[in-house]
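Worksheet: one structure, shown below.
Because the structure is a prediction, the values reported are computed rather than measured.
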Amino acid sequence: MTRIDEPRVGHREVARLAGGLYLTYIFLNVIASLLGRIGLSDANTLRAAIAGEETLFRLGLVAAIGSGLFFALTAWALYVLLRPVNEAIALLFLVLNAIGVAVQCASYLPLLSVLAQQGSSTAAPTFDGTAAISVATYQNGFVTAQLFFSAWLFPLGWLVLRSGFLPRLLGWLLLLDGVGVLVWFLQVFLAPDHSAISYPAWALGFVAELGLALWLLIRGASPSRATNKTPAAHSAV
């Protein structure tokens, strides 16, 4: 007996779950940036955040780590949603996302070491020596994670284009977002004095990913003829 309808069970609910998780991830990223200056901030801004208000910085750091969890959950929900289109490609973006999340969360560990160095000291940190190296290590690790986040957007965008139940415009925006994030990664390591090169990538990424999250949450997704083509891996006799 062939389980043709299996991928269609709870299709709309899975789409809205993915949208909710994606929006939570975006919200936590904004909180991390506002409270802890974690993310796109330069080294001086980050150092000022750590030295200026440790409690707010710690809250921002918790939000940043939490965003990694919700990003991984978002990728899982999108995998469930888009698996009927092409399971192998969906698995690819799930793996790439997981690696990126792991690298990015690991990049936060040096920031914990900076806080540990402050410890019981009442003096403001000078960020000489080990503390400065820790901040630089965090920044390099954070940017390294963007290579995997760039890569995951290509299979994701391709599946959105092929899905038949999501706007093709979102698929093209995600593909362009992948190019933009890749440009950001290359700019940081190859042209660190020209940060303006990356500005369009940040704006494009916000529009593409927020747009996908809102569409999934508000509109959901209805199975179409594209999802009726059940992959061989889901067929059983």
Side-chain angles (χ1 to χ4, degrees), residues 2-26 67-105 144-186 201 204-217 219-236:
T2 303
R3 297 176 293 173
I4 296 178
D5 292 333
E6 181 183 354
R8 300 173 63 176
V9 175
H11 198 85
R12 189 180 299 274
E13 290 74 15
V14 171
R16 286 181 170 152
L17 173 63
L21 291 170
Y22 219 151
L23 281 178
T24 303
Y25 155 73
I26 294 171
S67 74
L69 171 62
F70 277 92
F71 203 22
L73 292 174
T74 298
W76 164 79
L78 288 171
Y79 166 77
V80 173
L81 180 68
L82 295 169
R83 179 178 57 182
V85 182
N86 188 305
E87 183 171 14
I89 300 299
L91 181 61
L92 174 62
F93 79 63
L94 182 63
V95 171
L96 290 169
N97 177 280
I99 296 173
V101 168
V103 173
Q104 184 161 303
C105 287
T144 298
Q146 306 314 307
L147 177 61
F148 298 95
F149 292 146
S150 166
W152 99 291
L153 289 165
F154 292 106
L156 176 60
W158 185 85
L159 287 174
V160 170
L161 282 172
R162 294 291 302 273
S163 66
F165 53 79
L166 292 172
R168 290 178 61 83
L169 175 61
L170 287 176
W172 288 116
L173 286 175
L174 289 168
L175 292 174
L176 290 174
D177 187 16
V179 174
V181 177
L182 179 61
V183 168
W184 175 22
F185 167 79
L186 294 174
L204 178 61
F206 184 78
V207 171
E209 298 188 50
L210 181 62
L212 177 61
L214 289 174
W215 181 278
L216 290 170
L217 182 64
R219 297 292 299 273
S222 299
S224 67
R225 287 181 299 177
T227 60
N228 289 335
K229 299 178 182 179
T230 308
H234 287 149
S235 297

Output the distance between atom [atom1] ([X]) and atom [atom2] ([Y]), rounded to the nearest 0.5 Å.
X    : Y    : atom1 : atom2 : answer
F206 : I26  : CZ    : CD1   : 6.5 Å
N86  : S163 : CG    : OG    : 12.5 Å
L170 : L174 : CG    : CG    : 6.5 Å

Check whether any side-chain heavy atom of [X] lies under 4.5 Å from a side-chain heavy atom of [Y], and answer yes or no.
X    : Y    : value
L161 : L175 : yes
F149 : V101 : yes
L78  : W152 : yes
F154 : L96  : no
L82  : I89  : no
Q104 : F71  : no
T24  : L73  : no
E209 : D177 : yes

Inset, instruction - Indicate yes or no for a side-chain donor-acceptor contact from R12 to the backbone of R219 under 3.5 Å, with no hydrogens or angles considered. - result: yes

Inset, instruction - Check for a donor-acceptor pair, side chain of T74 on one end and backbone N or O of F70 on the other, with a separation under 3.5 Å. - result: yes

Legend entry - Residue pair N97, Y79: steps toward the side chain to side chain contact (heavy atoms under 4.5 Å, CB included) verdict: CA-CA 11 Å; N97 177 280; Y79 166 77; over 6 Å; no

Inset, instruction - Please test R16 against L216 for side chain to side chain contact (heavy atoms under 4.5 Å, CB included), starting from the C-alpha separation and ending with a verdict. - result: CA-CA 5 Å; R16 286 181 170 152; L216 290 170; over 6 Å; no

